Amino acid sequence: MLDLTSLSVPLLQWWDEHKVDLPWRRGRDPYAIWIAEVMLQQTQISTVIPYYERWLAQFPTVEHLAAASLSEVLKQWEGLGYYSRARNLHAAAQTIVATYSGQLPQTAAELQKLKGIGPYTAGAIASIAFQQPVPIVDGNITRVLTRLADIPDDISQSQTQKGIWHLAGTLVPLVRPGDYNQALMELGQKICLPAMPRCAVCPAAALCQARANGTQLERPVRPRRPGLPHYHVAAGVIWRDDGRFLIAQRPLNGLLGGLWEFPGGKQEPGETLPQTLKREISEELGIVIKVAQPITMIKHAYTHFRITLHTFHAHYQSGQIQHLGVADHAWVTFADLARYPFAVTDQKIIAALVEQSRPKPL
DNA sequence: AATTCGGGGGA
DNA sequence: TCCCCAGAATT
């Protein structure tokens with residue numbers, strides 16, 4: 001049987017020499033580490049850094065976050081994706097203030113009771129902020145460990161995941177567990193790369209079973225993903241006679257929950273796009289509109305499907321607005337938009353509107 | 001156990 | 001294009 005128990009020694013030695021300076025490594029504030037770990041869920045470091053800096057400036061403590069409104073919180077998260085993370089951070093902050101006296105719990109088990117904190121984030125906070133010798137497993141560590149132990153099983157299977165977590169648990173050292181966990185992730189990020197692992201400079205190369213077997217590029221084993229469906233979506237900038245236009249807030253749960261948008265929806269078979277828009281506005285808001293000229297067309301890929309978003313000018317005609325498929329609505333001017341959190345596609349619509357309303361050069 | 005949640009970066 | 005990313009919650 002393979003012996004990886006000595007892994008932490010060369011790994012920590014490598015990390016002490018090569019570790020990257022990151023904003024969340026400059027202090028020991030558990031709150032700041034929590035924010036960083038949640039932002040880093042499924043999100044790359046370079047994407048997170050500017051959001052992290054702005055967040056801590058706006059919400060420097062858990063009390064500041066707990067006291068903020070959901071709109072303020074979503075506005076700070078705007079563009080980062082997986083918006084339930086922001087809603088859960090907000091809710092967990094209020095729990096921490098109300099039932100933990102404003103202090104994060106120190107054990108992984110207690111941390112995991114908070115909204116938005118699962119096995120990874122609980123282990124990360126417990127080991128990095130509180131020096132608890134508990135394991136973590138993320139995408140990087142999954143790749144490193146399936147290579148070190150040359151695990152041939154499909155990592156999407158819960159049985160395989162369980163095995164990887166168990167292996168990770170046997171490797172965590174009692175000294176510097178947080179540094180060790182970060183080092184293992186950074187090894188995956190800098191050395192044990194998905195398509196081109198740099199085995200020649202890897203501090204764990206001598207221990208690596210996949211390297212010995214020549215199977216590095218076949219680890220980890222993932223299932224194939226089917227092709228993504230493609231939808232056409234119509235959205236409207238619906239004008240009222242006083243020069244204001246309509247925006248709507250999406251339901252708090254589900255895709256882009258709580259974000260604002262130009263209302264509309266998916267095209268159904270046999271429909272023209274203007275028909276789609278008129279129908280969706282009727283179904284979601286209960287009003288009748290007249291669709292006018294097209295504004296712009298935007299392509300966007302989500303995790304499980306792709307869309308082409310067609311946006312039109314439109315005019316309010318009749319009916320009283322009801323919240324049939326939206327959480328809220330507002331009649332606004334351009335100057336109002338800065339206060340509302342929008343998804344990236346709708347930010348592009350706004351940019352197109354601004355561009356078209358600017359006087360054209362001759 | 002499988003699906004649903006964003007958006008960007010890199011090969 | 002496709003893969004990948006310091007995953008969690010829901011069904």
Side-chain angles (χ1 to χ4, degrees), chain A residues 19-20 22-25 33-52 74 77-89 91-92 111-129 135-144 154-162 164-165 168 178 180-190 192-196 217 220 222-230 250-259 261 298-307 341-348:
Chain A
K19 74 170 168 183
V20 178
L22 296 170
W24 45 89
R25 288 183 180 161
I33 291 170
W34 170 40
I35 299 303
E37 290 304 335
V38 172
M39 286 187 171
L40 286 162
Q41 291 169 8
Q42 295 293 288
T43 310
Q44 295 183 345
I45 290 170
S46 58
T47 303
V48 165
I49 288 175
Y51 282 88
Y52 175 83
L74 284 173
W77 205 270
E78 183 183 58
L80 196 52
Y82 287 138
Y83 297 91
S84 66
R85 293 184 294 176
R87 300 194 303 272
N88 288 334
L89 272 178
L111 283 161
Q112 210 171 321
K113 295 178 181 174
L114 293 166
K115 279 195 176 182
I117 298 185
Y120 164 80
T121 308
I125 297 171
S127 64
I128 296 169
I136 59 177
V137 174
D138 73 327
N140 289 305
I141 291 180
T142 296
R143 185 172 57 257
V144 171
D154 180 349
I155 60 164
S156 72
Q157 298 300 305
S158 58
Q159 195 78 316
T160 311
Q161 282 296 317
K162 194 175 166 186
I164 293 171
W165 273 91
Y180 163 84
N181 280 333
Q182 293 182 85
L184 200 54
M185 289 190 287
E186 199 152 316
L187 187 74
Q189 183 203 342
K190 301 292 186 192
C192 198
L193 304 175
M196 198 184 305
L217 298 182
R222 304 174 185 276
R224 287 215 183 292
R225 257 196 293 184
L228 305 179
H230 187 293
R250 297 176 61 88
L252 292 187
N253 295 317
L255 186 73
L256 306 171
L259 295 189
E261 66 178 4
I298 295 160
K299 292 178 183 293
H300 191 75
Y302 293 91
T303 305
H304 293 282
F305 58 91
R306 304 170 189 282
I307 65 166
F342 286 93
V344 163
T345 49
D346 289 81
Q347 293 179 41
K348 290 177 180 172

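First the proteins, then the strands, lettered A, B, ... as listed; each starts at 1. What you see is a predicted model; the values in this text were computed from it and never measured.
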Item checked: I35(A) side chain reached by L89(A) side chain, heavy atoms, under 4.5 Å ->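 Yes; the side chains approach each other to less than 4.5 Å.
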Item checked: Non-hydrogen side-chain atoms of W24(A) and I128(A) separated by less than 4.5 Å ->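 They are not in contact (no side-chain heavy atoms under 4.5 Å apart), so the answer is no.
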Which is true for [X] with a 4.0 Å heavy-atom rule: it touches a base, it touches only sugar-phosphate, or it touches nothing?
X: W77(A); answer: nothing
X: I45(A); answer: base
X: I125(A); answer: nothing
X: R25(A); answer: base
X: T121(A); answer: sugar-phosphate

Check: Between Y302(A) and H300(A), is the gap from one ring center to the other below 6.0 Å?
Finding: yes
Next item on the list: Go through the steps for I117(A) and L114(A) under the test side-chain contact (heavy atoms from CB on, under 4.5 Å), then give the verdict.
Entry: CA-CA 6 Å; I117(A) 298 185; L114(A) 293 166; 4.0 Å; yes
Round to the nearest Å and state the distance from [X] atom [atom1] to [N] atom [atom2].
X: L89(A); N: dA9(C); atom1: CG; atom2: P; value: 11 Å
X: L187(A); N: dA6(C); atom1: CG; atom2: P; value: 12 Å
X: I49(A); N: dA6(C); atom1: CD1; atom2: P; value: 12 Å
X: Y120(A); N: dG7(C); atom1: OH; atom2: C1'; value: 9 Å
X: L40(A); N: dC5(C); atom1: CG; atom2: C1'; value: 10 Å
X: L111(A); N: dA8(C); atom1: CG; atom2: P; value: 12 Å
X: L228(A); N: dT1(C); atom1: CG; atom2: P; value: 11 Å
X: W165(A); N: dG7(C); atom1: CH2; atom2: P; value: 10 Å

Note to self: So if I define the base as every atom that isn't primed, P, OP1 or OP2, how would nucleotides 3-11 of chain B read as a B/S/- string at a heavy-atom cutoff under 4.0 Å?
What the structure shows: -BBBBBS--
Checklist line | Residues that Q182(A) engages under side-chain hydrogen bond (donor to acceptor under 3.5 Å, both in side chains), provided they are two or more places apart | finding: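 For Q182(A) the side-chain hydrogen bond (donor to acceptor under 3.5 Å, both in side chains) partners, ignoring immediate neighbours, are R25(A).
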Can you measure from [atom1] ([X]) to [atom2] ([Y]) and round to the nearest 0.5 angstrom?
X: Q42(A); Y: Y82(A); atom1: CD; atom2: OH; answer: 5.5 Å
X: I136(A); Y: W165(A); atom1: CD1; atom2: CH2; answer: 7.5 Å
X: R143(A); Y: Q189(A); atom1: CZ; atom2: CD; answer: 9.5 Å

Notebook entry, point to check: Does a side-chain N or O from R143(A) land closer than 4.0 Å to OP1 or OP2 of dC4(C), or not?
Noted result: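 The answer is no; no side-chain N or O of R143(A) sits under 4.0 Å from OP1 or OP2.
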Checklist line | Ion pair check, E261(A) and R250(A), cut-off under 4.0 Å | finding: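 The answer is yes: the pair qualifies as a salt bridge.
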Checklist line | Dot-bracket notation for DNA chain B, counting Watson-Crick and G-U pairs under 3.5 Å, with | for partners on another strand | finding: |||||.|||||
